[in-house]
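Let me begin by presenting the structure, written as structure tokens, before commenting on it.
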Amino acid sequence: MAPKSKISRTRNIGIVAHIDAGKTTVTERILFYSGKSYKMGEVHDGEAVMDWMPQEQERGITITSAVTTCVWNNHDIHVIDTPGHVDFTIEVERSLRVLDGAVVVFCAVGCVQPQSETVWHQADKYGVPKIAFINKMDRVGADFFVAIDMMRKRFTSIPVAIQIPAGSEDSFRGAIDLINQKMLVWDDSTQGMEFSTQEIPEEFAGQAKLKRGKMIEILAEVDDDLADKYLGGEEITVAEIEKALRKATISLKIVPVLCGAALRNKGIQPLLNAVINYLPSPEDIPPVKGINPVTKKEEVRHSSDKEPLAALAFKIMLDEGRKLTYLRIYSGKIRVNDEVYNSIKKKREKIARLLRMHANKRERIDIASAGDIVAVLGLKTTTTGDTLCDEEHPIMLELIEFYEPVISQAIEAKTPADQEKLTMALDKLIEEDPTLKVKYEEETAQTIISGMGELHLEIIVDRLSREFNSHVNVGRPRVVYRETIQKKVEIEGIFEKELGEKKHFGHVRLSLVPRKRGSGNEIIIKIDDSIIPAEYYPVIEEGITEAMMNGVLNGYPVIDVETTIIGGSFRESDSSAQGYKISAATAFRDGCIGADPVMLEPVMMVDIITPSEFMGDVIGDINARKGEIQSVNPKGTVSEIKAKVPLKAMFGYSTDLRSSTQGRAVFSMIFSEYNKV
């Protein structure tokens with residue numbers, strides 16, 4: 001066999017899961033066994049390499065996705081450890097956007113938890129192949145087969161066990177490899193560095209045979225080559241099984257499932273082998289698509305050093321005040337001191353330094369090529385979601401979608417000196433985190449920060465004082481409302497005034513129609529340039545868009561309105577851009593006043609897992625908060641409750657839930673929709 005190219009020996013994977021399933025512990029073990037770390041960091045001691053932010057170490061959770069590179073069996077594996085907490089979903093979203101494969105970690109006790117569903121569907125959205133690792137097999141209540149059963153019910157891709165556990169809870173001894181028909185046992189005295197391959201003990205032999213047959217049967221259903229041999233009753237070799245597994249995983253038909261206990265150092269090496277064997281290299285994924293900004297036509301870039309450069313900036317981080325930009329290179333090469341072109345901002349940028357990242361430590365490199373994930377110093381204008389390319393062959397890759405914030409909080413600087421620092425610090429934090437929004441309110445002289453949840457804003461305030469030494473007083477969290485209209489109106493706006501020496505005139509007729517909730521705003525032009533010259537259309541649209549930012553009831557943004565420009569007039573001597581912009585904005589505002597405006601509030605989808613004995617209390621509490629129960633699913637000793645609850649009723653909910661369930665229930669919530677207040 002010819003030696004494999006560097007790109008085919010690269011894997012870009014993310015570790016994703018529900019909060020507390022053990023993602024960071026799995027990542028720490030990967031680094032230790034691949035020789036990247038000399039000692040294992042533990043999350044509970046606040047010493048995990050990947051959780052390097054002080055806020056992460058104190059809370060024992062991951063907040064920012066950390067990137068690292070390790071080598072296993074002569075393959076380069078770029079690993080991104082992502083957060084599990086729903087407030088930081090954007091970190092998972094933008095990581096999955098640039099990854100080729102994902103390891104989804106499940107807790108053997110909690111099985112498929114709400115946030116594991118969210119990350120799974122995010123991976124599906126970007127077509128990312130997955131391997132599942134059922135962790136915590138040593139915990140009381142661990143059940144490998146219940147977890148697989150839940151995966152089968154919840155997800156479209158079929159889970160295929162390629163290992164089964166030898167025992168569970170206290171008697172968890174190791175993993176049985178169904179492909180090679182061997183039992184793997186880890187040696188505790190070497191911190192699991194060494195493991196032995198043994199024959200399958202009698203007590204597990206029957207089950208192993210049954211599950212292996214099941215594995216081959218599922219593969220035969222999705223792989224024609226294997227189906228012929230299977231139906232013909234021929235012996236199927238290990239190599240054929242592995243080939244079929246790889247093909248079916250990459251084409252998103254199946255998800256191989258492994259098991260282990262990361263904290264007890266069991267199960268990590270086979271997981272690394274599975275990453276190499278079944279997850280795609282950059283060559284195995286479809287070429288990335290983009291739009292040529294000059295021709296406006298779609299173009300593709302194959303994963304190759306020979307093609308023109310195309311790289312996506314997927315994350316910005318500040319490091320000691322310097323801006324680090326994380327890039328995924330899809331095609332071409334980047335060298336230090338290269339000039340690259342930002343096709344979104346239409347500006348040239350210079351690469352001052354190229355770094356291979358290991359969490360927050362780094363190693364300088366001179367060149368990076370297709371398939372690599374690297375960090376760059378020196379980019380001034382590039383922000384999250386921008387494309388860097390070759391100016392001769394420009395391309396714009398698909399943007400990363402961001403979520404709208406649902407919660408806001410007023411902050412004000414404690415002293416005038418803090419005020420200066422505050423403005424600068426917030427600018428930097430916005431660059432880093434696209435889900436953070438900041439607005440300065442003239443009337444109250446307060447700064448309003450908006451984000452994805454209470455924890456998100458708490459971390460932002462914590463970072464302001466720690467990293468930027470900017471101390472603030474914090475107001476109570478507030479809900480971010482919206483406004484909309486309830487009936488159709490037609491309205492005209494006329495602006496006629498002398499400003500300076502010049503007359504300004506503008507006249508437009510608009511029709512406003514309410515749209516279905518959640519469908520967004522739309523502006524339609526239904527006039528031709530005999531009524532108003534086409535050169536004024538952009539300013540008319542600008543006037544309407546600006547008016548949408550502040551509604552007529554309480555100044556909240558207006559959503560779900562279709563605005564059609566249906567008429568107006570033009571005066572050769574007096575018509576001006578200013579005139580049309582003001583008349584359009586006035587018409588829109590007047591239209592809203594006459595269209596029965598109404599306030600909307602965010603409603604959250606809340607997912608609660610509680611021991612069954614507290615179910616009545618939890619449901620009673622949700623009803624008291626004016627929530628609507630969507631479903632109740634009993635799962636053995638626990639029950640899952642899904643409900644829609646107005647966000648304003650959810651402040652402080654975590655404390656109330658803990659006290660009413662002896663601290664045993666968990667919940668996650670995600671924005672669902674806007675509804676009438």
Side-chain angles (χ1 to χ4, degrees), residues 4-14 67 69 75-78 80 93-102 123-129 250-252 279-316 325-351 354 356 365-376 378-379 381-401:
K4 287 160 68 175
S5 66
K6 173 182 177 288
I7 198 162
S8 67
R9 287 186 285 103
T10 300
R11 297 287 179 276
N12 291 314
I13 63 159
V67 182
T69 306
H75 284 66
D76 281 343
I77 305 179
H78 301 284
I80 298 188
E93 181 93 10
R94 57 182 173 186
S95 301
L96 285 170
R97 168 76 174 78
V98 298
L99 292 169
D100 306 330
D124 282 347
K125 172 170 145 189
Y126 291 117
V128 177
I250 291 174
S251 60
L252 306 177
L279 288 180
S281 77
E283 284 183 332
D284 299 318
I285 54 166
V288 65
K289 294 188 172 98
I291 301 291
N292 181 322
V294 182
T295 63
K296 302 284 183 268
K297 289 201 174 83
E298 185 174 91
E299 290 186 8
V300 298
R301 293 280 186 271
H302 293 86
S303 200
S304 154
D305 297 354
K306 310 278 182 288
E307 296 229 344
L309 174 69
L312 184 78
F314 67 94
K315 182 175 159 73
I316 307 285
T325 309
Y326 283 88
L327 299 182
R328 160 72 202 260
I329 305 174
Y330 286 100
S331 62
K333 290 183 177 176
I334 293 184
R335 290 179 178 80
V336 176
N337 297 328
D338 272 3
E339 266 209 353
V340 292
Y341 181 65
N342 182 331
S343 57
I344 309 286
K345 302 280 192 308
K346 299 187 171 42
K347 289 206 162 83
R348 287 186 194 148
E349 292 268 45
K350 187 160 184 180
I351 306 284
L354 270 176
R356 175 159 285 145
I365 51 175
D366 296 327
I367 184 165
S369 50
D372 281 343
I373 291 180
V374 290
V376 177
L379 304 182
T381 56
T382 301
T383 51
T384 302
D386 286 0
T387 303
L388 296 177
C389 57
D390 171 4
E391 199 168 355
E392 304 291 305
H393 305 92
I395 190 167
M396 284 159 41
L397 300 175
E398 185 193 354
L399 293 166
I400 298 175
E401 286 177 35

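On a predicted model such as this, the values are computed, not experimentally measured, just so you know.
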Notebook entry, point to check: Taking the side chain as C-beta and beyond, is there a heavy-atom pair between Lys350 and Asn337 under 4.5 Å?
Noted result: yes
Next item on the list: Without swapping roles, check the side chain of Glu391 against the backbone of Tyr341 for a donor-acceptor pair under 3.5 Å.
Entry: no
Next item on the list: Please tell me if the side chains of Asn12 and Pro282 come closer than 4.5 Å, counting only heavy atoms from C-beta onward.
Entry: yes
Next item on the list: Using modelled atom types only, decide if a donor and an acceptor are shared between the side chain of Asp338 and the backbone of Val340 within a distance under 3.5 Å.
Entry: no
Item checked: Side-chain donor or acceptor of Ser369 paired with backbone N/O of Lys333 under 3.5 Å -> no
Next item on the list: Take Glu299 and Lys297, measure what salt bridge (charged side-chain N to carboxylate O under 4.0 Å, His left out) needs, and give me the verdict at the end.
Entry: CA-CA 6 Å; Glu299 290 186 8; Lys297 289 201 174 83; over 6 Å; no
Checklist line | Test item: Val376 and Leu354 side chains (from C-beta on) under 4.5 Å apart, heavy atoms | finding: yes
Notebook entry, point to check: Can you check whether Leu397's main-chain N or O pairs, donor with acceptor, with Thr387's side chain at less than 3.5 Å?
Noted result: yes
Notebook entry, point to check: Does a donor on one side chain sit under 3.5 Å from an acceptor on the other, for Asn342 and Glu349?
Noted result: no
Notebook entry, point to check: Would you call Asp386 and Leu379 a side-chain contact if the rule is heavy atoms closer than 4.5 Å?
Noted result: no
Notebook entry, point to check: Within 45° of the six-membered ring axis of Tyr326 and under 6.0 Å from that ring's centre, is NZ or CZ of Arg328 located there?
Noted result: no
Checklist line | Minimum heavy-atom distance Pro394-Arg301, with the two atoms named | finding: O-NH2, 4.0 Å
Next item on the list: Can you establish whether the number of heavy atoms outside Lys345 located under 6.0 Å from its atom NZ is more than 12?
Entry: yes
Next item on the list: Write down the atom of Ser281, the atom of Ile7, and the distance for their closest heavy-atom approach.
Entry: CB-O, 3.6 Å
Next item on the list: Give a yes or no on whether the backbone of Asp76 and the side-chain of Thr10 come within a donor-acceptor separation of less than 3.5 Å.
Entry: no
Notebook entry, point to check: Would you find a donor on one side and an acceptor on the other, under 3.5 Å apart, between the side chain of Arg11 and the backbone of Leu279?
Noted result: yes
Check: Within a radius of less than 6.0 Å around CD of Glu339, do more than 12 heavy atoms belonging to other residues, nucleotides or ligands occur?
Finding: yes
